[in-house]
Amino acid sequence: MQRNEYVLKNMFGSFFLATVMTALIAQLGSITDSIIMGHLVSPDALSVVRIWQPVENFMFIIIGVMSAGACFLSARGIGAQDYDKVNRVFNHHLYYVIVSALLVIALLLPFVDNVADLVTTNKRLQPMLKPYIHAEFFAIFVAVVSGVPLSYIISNGNPRLVTRCIIISQFFNILFDILFCGVFNMGIAGASYATALGDLIAFTSLLPYMHENSRIFCLHRPEKICSIK
């Protein structure tokens, strides 16, 4: 009994610390990102980011509606060591996110001007908002797809790897912010591309772990997902 209590306390401490650190690092990255944009682009850039935030959150909700159920099923499967089931859930989850993200972006892309008018009628902000929306579509797609493995890695008992992934993402985000906004003068769209590239580089840090745990992360063609035994 004492050994079980020790193991549970140790696991709780590990997961809790990793969760807190991940939240703090992500928040620190967001603050630093805002400071860089405010200095290298313009104070109006922060206004554009803030007024676009509700639309971005709405897109994340639509695209990620399946994630909660997938995380629950994968956690149960990992707990029962039913890795075939976890792999099926992972494949369903990944392909759902890819298709739904592309569908949402494809539906909104022809109506960027209308979306911009809906978000704000401010003539000073609109010229910055429209190119930012195009860049955000790319950043959102990268974020939702590269974020799919994270919950499976946490459920499989490696939350510190996720924390490391967030640190890498934020580091390169800041680096590319300075490069795109300060050196190449890409404006507020450059900040969004910086976020996407930071997420992509961070995702590559997960590939060795995913390869080692291929029984969870092995990809299958969509038509074969339902036939996995």
Item to check | Leu109 and His134: CA distance, side-chain angles, deciding distance, side chain to side chain contact (heavy atoms under 4.5 Å, CB included) verdict | outcome: CA-CA 8 Å; Leu109 197 57; His134 285 97; 3.8 Å; yes
Does the side chain of [X] reach to within under 4.5 Å of the side chain of [Y], using non-hydrogen atoms?
X      : Y      : answer
Glu136 : Phe141 : no
Leu150 : Leu206 : yes
Tyr132 : Val49  : yes
Glu56  : Met59  : no
Pro149 : Met210 : yes
Leu197 : Phe180 : yes
Ser74  : Lys85  : no

Quick one: [atom1] on [X] to [atom2] on [Y], what's the gap to the nearest 0.5 Å?
X      : Y      : atom1 : atom2 : result
Ile133 : Ile105 : CD1   : CD1   : 12.5 Å
Ile188 : Met37  : CD1   : CE    : 5.5 Å
Phe172 : Ser205 : CZ    : OG    : 9.5 Å
His220 : Leu94  : NE2   : CG    : 11.5 Å
Asn173 : Ile166 : CG    : CD1   : 11.0 Å
Leu73  : Ile78  : CG    : CD1   : 11.0 Å

For [X] versus [Y], what's the shortest heavy-atom pair and its separation?
X      : Y      : result
Val115 : Leu108 : CG2-CD2, 4.3 Å
Ile168 : Ala202 : CG2-CA, 3.8 Å
Val112 : Lys130 : CG1-O, 4.2 Å
Val144 : Ala101 : CG2-CB, 4.0 Å
Tyr96  : Ile62  : OH-O, 3.6 Å

In one Ile/Leu/Val/Met/Phe/Trp/Tyr side-chain cluster, 4.5 Å: [X], [Y]:
X      : Y      : answer
Val89  : Leu219 : yes
Phe138 : Val97  : no
Ile201 : Ile178 : no
Phe137 : Phe60  : yes
Val142 : Leu179 : yes

Checklist entry - Do Phe176 and Tyr193 have ring centres separated by under 6.0 Å? => result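 No, the ring of Phe176 stays outside the 6.0 Å limit from the ring of Tyr193, centre to centre.
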Next on the checklist: Could you go through Asn156 and Tyr209, starting from their C-alpha distance and side-chain angles, then the distance that decides it, and tell me whether this counts as side-chain hydrogen bond (donor to acceptor under 3.5 Å, both in side chains)?
Outcome noted: CA-CA 11 Å; Asn156 203 36; Tyr209 178 86; 2.8 Å; yes
[X] (side chain) donor-acceptor with [Y] (main chain) under 3.5 angstrom:
X      : Y      : value
Ser192 : Ala189 : no
Ser169 : Cys165 : no
Thr195 : Ala191 : yes
Asn213 : Ile216 : no
Asp44  : Leu125 : no
His39  : Ile35  : yes

Item to check | All pairs passing side-chain hydrogen bond (donor to acceptor under 3.5 Å, both in side chains) where residues 101-117 contributes a residue, at least two apart | outcome: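 Matches after skipping sequence neighbours: Asp117-Gln126.
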Item to check | Parallel, tilted or perpendicular, as decided by the 30° and 60° cut-offs, for the rings of Tyr152 and Phe90 | outcome: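 Taking Tyr152 first and then Phe90, their aromatic rings stand perpendicular (interplane angle over 60°).
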Next on the checklist: Show, in sequence, the C-alpha distance, side-chain angles and deciding distance for Ser42 and Met128, and conclude whether the side chain to side chain contact (heavy atoms under 4.5 Å, CB included) test is met.
Outcome noted: CA-CA 10 Å; Ser42 76; Met128 286 191 294; 4.0 Å; yes
Item to check | Worked verdict on Ile153 versus Phe217 for side chain to side chain contact (heavy atoms under 4.5 Å, CB included) | outcome: CA-CA 10 Å; Ile153 293 173; Phe217 299 106; 3.8 Å; yes
Item to check | Worked verdict on Asp199 versus Ser146 for side-chain hydrogen bond (donor to acceptor under 3.5 Å, both in side chains) | outcome: CA-CA 7 Å; Asp199 288 343; Ser146 63; 5.0 Å; no
